[in-house]
Structures are given as structure tokens and as C-alpha cells.
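Written below as C-alpha cells is the structure these notes are about.
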Amino acid sequence: SELENYVGTDGTIQTMDNMLAAVNGYLQNPEDVEQVAEYLESIRGEVNIEETSESFRAVYQSLLAAVGPSVAQTYYDDGMAAYRQEVYADAVQNLEKAYIYNSENIDVIYNLANACYRNEDYENAAVYYQMVIDKFPATVCHLFSVCPRYIPFTLCILPGSIPFFPDILSLLHTVYL
């Protein structure tokens with residue numbers, strides 16, 4: 001039941017304790033975003049946020065918005081460092097967390113797609129590449145028209161009119177064809 005998701009092994013309401021700790025941590029020291037992020041990640045691991053009460057979601061979303069930009073940047077930097085070192089599993093893990101904290105950043109989504117592809121997770125790579133196209137169509141079109149030689153990818157329209165990037169053409173044979 002949903003109540004079981006809230007109850008910890010010691011019988012306390014662990015999720016609520018984590019939420020209160022996150023709120024208290026933020027109120028006591030708003031600069032310590034890493035601590036608040038740890039609590040939020042713990043909460044996200046314990047329950048499906050969408051299945052919680054409206055007020056719980058509102059507090060969770062407020063904290064997420066308050067610490068999100070800074071935490072997202074940290075995870076993004078860590079993910080890109082792992083990507084450059086070709087440790088793609090770590091890159092995916094960090095970039096996924098950056099996406100949780102900032103799902104509207106084209107760089108996060110595009111590089112997450114690249115990391116998934118390099119980690120041979122072609123299905124998720126396709127999802128994230130498509131997300132770049134769907135969420136940022138004007139940006140993608142603008143970049144191609146203004147400075148195509150600086151763009152590390154080229155948009156292709158393939159059978160079935162599914163737009164993808166050429167470095168994942170083999171993915172199409174695996175996932176879509």
C-alpha cells in the first residue's frame with residue numbers, strides 16, 4: 001500500500017522525516033544545496049512523487065526549484081567530466097540527475113543522449129535525442145541555419161520521417177527498423 005512506502009524499517013515515517021529534514025536544512029542553510037539534494041533524492045527513491053499528496057508534491061517541487069539550478073550544474077559538470085574520460089555509465093548517471101534538476105536544458109538532454117549512446121543504451125539515447133528535437137525545435141533549426149559547421153550533429157530525416165542524428169544511425173536498425 002502507499003502507506004508502506006512512507007514507513008521506514010524502524011517504524012517511523014521515513015519519507016516525511018526526510019522531507020522535514022530537507023526543509024529544515026534549507027531554512028537553516030540555503031547555501032548547502034547538496035544536503036537538501038541528498039534528502040530530495042532519498043525521498044524520490046522511497047516514493048513515487050506523483051502518488052503523494054498535493055501539499056507534499058508542492059513542498060518537494062519548491063525545494064527542487066530552490067536548489068535545482070546549482071545541483072543540476074554540479075551533476076552536469078561531473079557528467080561531462082566522466083564523458084570526457086569515457087566513463088559513460090557514470091556520465092549517464094550524473095547527467096540523468098542533472099536532467100531531474102533541470103529538464104529544460106538542451107545541453108543536459110543532448111549530452112545525456114550522447115552518453116546513453118556511448119554506453120550502448122540505444123533505446124534511451126533515441127528517447128533523449130527525440131526530446132531535444134521535440135522540446136527545442138526552434139533552437140535546433142536556428143543552430144543549423146546560423147552555424148552548421150560548429151554543430152557536432154546533423155539532422156537527418158530517415159524512413160518513417162523520424163528525425164535522428166547520424167551518429168546513431170545504427171540505433172535505428174536496432175530500435176526502429
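Between Ile106 atom CD1 and Ile133 atom CD1 the span is 10.0 Å, to the nearest 0.5 Å. The structure places CG of Leu95 at 6.5 Å from CE of Met80, a figure rounded to the nearest 0.5 Å. For the atom pair CZ (Arg57) and OG (Ser55), the distance works out to 8.5 Å, reported to the nearest 0.5 Å. Of the inter-residue distances, the one linking Leu112 atom CG with Asp107 atom CG reads 12.0 Å to the nearest 0.5 angstrom. To the nearest 0.5 Å, the span separating CD on Gln93 from OH on Tyr75 amounts to 8.5 Å.
Closest non-hydrogen pair, Thr52 versus Ile49, comes out as OG1-O, 2.6 Å. Taking both residues in full, the closest heavy atoms of Cys116 and Asn124 are given as SG-CB, 4.0 Å, listed atom of the first, atom of the second, then distance. Counting all heavy atoms, side chain and backbone alike, Ser103 lies closest to Ile109 at O-CD1, 3.5 Å. In this structure, Ala72 and Ala98 approach most closely via the heavy-atom pair O-CB, 3.6 Å. Taking each heavy atom of Ala91 and Gly79 in turn, the nearest pair found is CB-O, 3.4 Å.
The residues Glu41 and Lys97 are annotated as salt-bridged, a charged nitrogen and a carboxylate oxygen being separated by less than 4.0 angstrom.
Here the side chains of Met131 and Tyr99 are in contact, with some heavy-atom distance below 4.5 Å. Between Tyr88 and Glu120, the closest side-chain pair of non-hydrogen atoms is not below 4.5 Å.
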List the atom pairs, with distances to 0.1 Å, where a side-chain N or O of residues 23-37 and a protein N or O form a donor-acceptor pair under 3.5 Å, not counting sequence neighbours.
residue: Asn29; atom: OD1; partner: Glu31; partner atom: N; Å: 3.4
residue: Asp32; atom: OD1; partner: Gln35; partner atom: N; Å: 3.4
residue: Gln35; atom: NE2; partner: Tyr39; partner atom: OH; Å: 3.4

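Val87 and Tyr76 fall into different hydrophobic clusters, where Ile, Leu, Val, Met, Phe, Trp and Tyr are joined by side-chain heavy atoms under 4.5 Å apart, directly or via other members. Under a hydrophobic-cluster definition in which Ile, Leu, Val, Met, Phe, Trp and Tyr are linked whenever side-chain heavy atoms come within less than 4.5 Å, directly or via other members, Ile43 and Val59 are assigned to the same cluster.
Not a single donor-acceptor pair under 3.5 Å links the side chain of Asn119 to the backbone N or O of Asp121.
When each of Thr15, Asn18, Asp17 is checked for a side-chain contact (heavy atoms from CB on, under 4.5 Å) with Ser42, only Asn18 meets the rule. Residue Asn114 is tested with Tyr83, Tyr128, Tyr129 for a side chain to side chain donor-acceptor pair (under 3.5 Å); the sole match is Tyr129.
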Task: Steps toward side-chain contact (heavy atoms from CB on, under 4.5 Å) verdict (Asn105, Asn102) - done: CA-CA 6 Å; Asn105 184 321; Asn102 187 354; 3.7 Å; yes
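Applying the side chain to side chain donor-acceptor pair (under 3.5 Å) test to pairs two or more places apart or on separate chains, those with a residue in residues 59-71 are Arg44-Tyr60.
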